[in-house]
Amino acid sequence: MKKINRQIALFVLFLFLLNLFPLPQKTFGAWREPVRAKRGMVASQHELASKIGVEVLKKGGNAVDAAVAVALALAVVYPEAGNLGGGGFMIIRFKDGKTAAIDYREMAPAAATRDIFVDTEGNLIRGEGGSTVGYRASGVPGTPAGLDLAYQKYGSKKILWKDLVEPSRLLAQNGYVLSYRLAELFKSYKGTLEKYEDSKRIFLNGGKMFEEGDTLKQPELAATLGRMQKLGAKEFYTGRTAELIAEDMKRNKGLITLEDLKNYVAKERTPLRGTYRGYEILTMPPPSSGGIVMLQVLNMLEGYDLRKMGYNSAQKHHLVAEAMRRAFADRAEFMADPDFAEVPTAQLIDKNYAKKRAETINLTRATKSADIKAGEVTFSEGTETTHFTVVDAEGNMVSNTYTINDLYGSRVTAKGTGVLLNDEMDDFAARPGKPNLFGLIQGERNAVQPKKRPLSSMTPTIVLRKDGSVWFALGARGGPRIISAVLQSVINMIDYDMNIQEAIDAPRIHQQWFPDEVLYEPMGMSPDTLKILESLGQKFGDRPINIASATGIAIEEGTGVKFGAIDSRSDGEAIGY
Ligand code: DON
């Protein structure tokens, strides 16, 4: 009897302890913890780039210094998207609360006019010679100027420019071992890369192709980095590199001239600020649409109890899709380079505007995209991508997304430079009202104009706790799906208490007004849920696909421990120290 009593007592004690120390509750299947570090961390889509960034942090550089080194490294080790020949956006939040937004988006050459991608019959000129492949697809690159501005103005001044460039120059000169993924990716882009002599020689091994384990050396890129190392980033715009780019453009009927390169400037903008359930969000203003669209969707969702609806419920997916449909309709109409078109940013991210917009959402019936028009604003106001996140030991945070648009951009490597050029001209509304590479419809405001920056969806973002400290930062690659990935990760953190890895990995959806369909992911939605959503009038693409891929870093409250996450959908590594 005594023995039985003891067993019962032990069992009760066991239950009690279980309650005190419950097993960690995982929100969904993936059991991958974020990478943990006490001091600084870099989360990027290539291990070598993350390592280079962490070395800068260890030497006393701040998050901005490290971000510059990571961006230069990705240009060497992640040629599908890392770049010198593209552009992007950087959001910085310093530990003292100061913030910055650097716009180094590409700029249309002076000779680019509204209809350069429309033929005499009014058809869009795509592919070779058009807005996506070949010399005319490129805008004037912004990356070297953006990195230079970040370094000069916000770097720690403890690390010399030449030391930031050196690791990347060495990687380009001595080469690095190709992963299976990168070797295969070169093969799948063979059809277009092989049309451009330097691209073929460098990335396709002269046509013999690379295999996993081969070493990729990029001597011309090493030389370009060497010149920039000695003469500063301006060399890219005014030195031998600029001459080489302009000469190659001229030989091949491209539009970028020496004058265009000289005229390029990276611009500082004021980070866009919004809130979601009391958490402050810092993100990118135009010429990216990412920040506005994300904040609009979040504002619309704020009126609903998403937690109660349940993370993967049909009701929640329906609501998110409906909010996106409305925000993307506004994107098409109102968003563009703010230096060329009036963008009613403040009205679009206003909570009351979102409330009015959300009033048309029917929880039991999808609205047809054709029945949705842009919202009403008054205009009375004044006037292949990769994301990485860096945090230093002091808590300064950088959230950076940059791109050459399509994987391998225009596929053109400017002769003698090793620099792959972007095809960012396709982000303009080459023919307003007609879909671009990502199926996005865009309006007249985003038509091609000389020296204008094409509208982007890149959404580098930083979210603050209610006490004003940084909670997490993230961003993604994937065209307009970037916005969906970032905003749903934000919701996952705030409404569903996921950690940064779970938030980024969790299945998501995408709706961009037109085409009138909801994208979902493989294993991301049960057949039952699909059926319910169909019964509500949602339409779906013919197969599930991955929706963007993100990287991010969160900072633990109180301890300051950093947690880094790379999307399960892609390569990369978060490395801390
Ligand atoms: O700026 C934009 O929105 C696009 N050029 C981004 C392209 C992209 O994310 C491709 N990535 N895989």
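Just so you know, ligand 1 is whichever comes first in the structure, and atom 1 is the first atom listed for that ligand.
- Screening Lys200, Glu128, Lys190, Arg411 for a side chain to side chain contact (heavy atoms under 4.5 Å, CB included) with Lys195, the sole residue that qualifies is Glu128.
- Counting only residues at least two apart or on different chains, the salt bridge (Lys or Arg N to Asp or Glu O under 4.0 Å) pairs with a member in residues 106-119 are Arg114-Glu444.
- Phe563 meets the ring-ring contact (aromatic ring centres under 6.0 Å, His included) test with no other residue; sequence neighbours excluded.
- Within 6.0 Å of NZ in Lys451 there are 12 or fewer heavy atoms belonging to other residues, nucleotides or ligands.
- The immediate protein surroundings of ligand 1, defined as residues with any heavy atom under 4.0 Å of it, consist of Arg105, Glu384, Thr385, Thr403, Asn405, Glu424, Asp427, Phe438, Ser456, Ser457, Met458, Arg477, Gly478, Gly479, Ile482.
- Residue pairs meeting the side-chain hydrogen bond (donor to acceptor under 3.5 Å, both in side chains) criterion with at least one member in residues 483-493, sequence neighbours excluded: Ser484-His510.
- Residues Tyr408 and Phe186 bring their aromatic ring centres within 6.0 Å.
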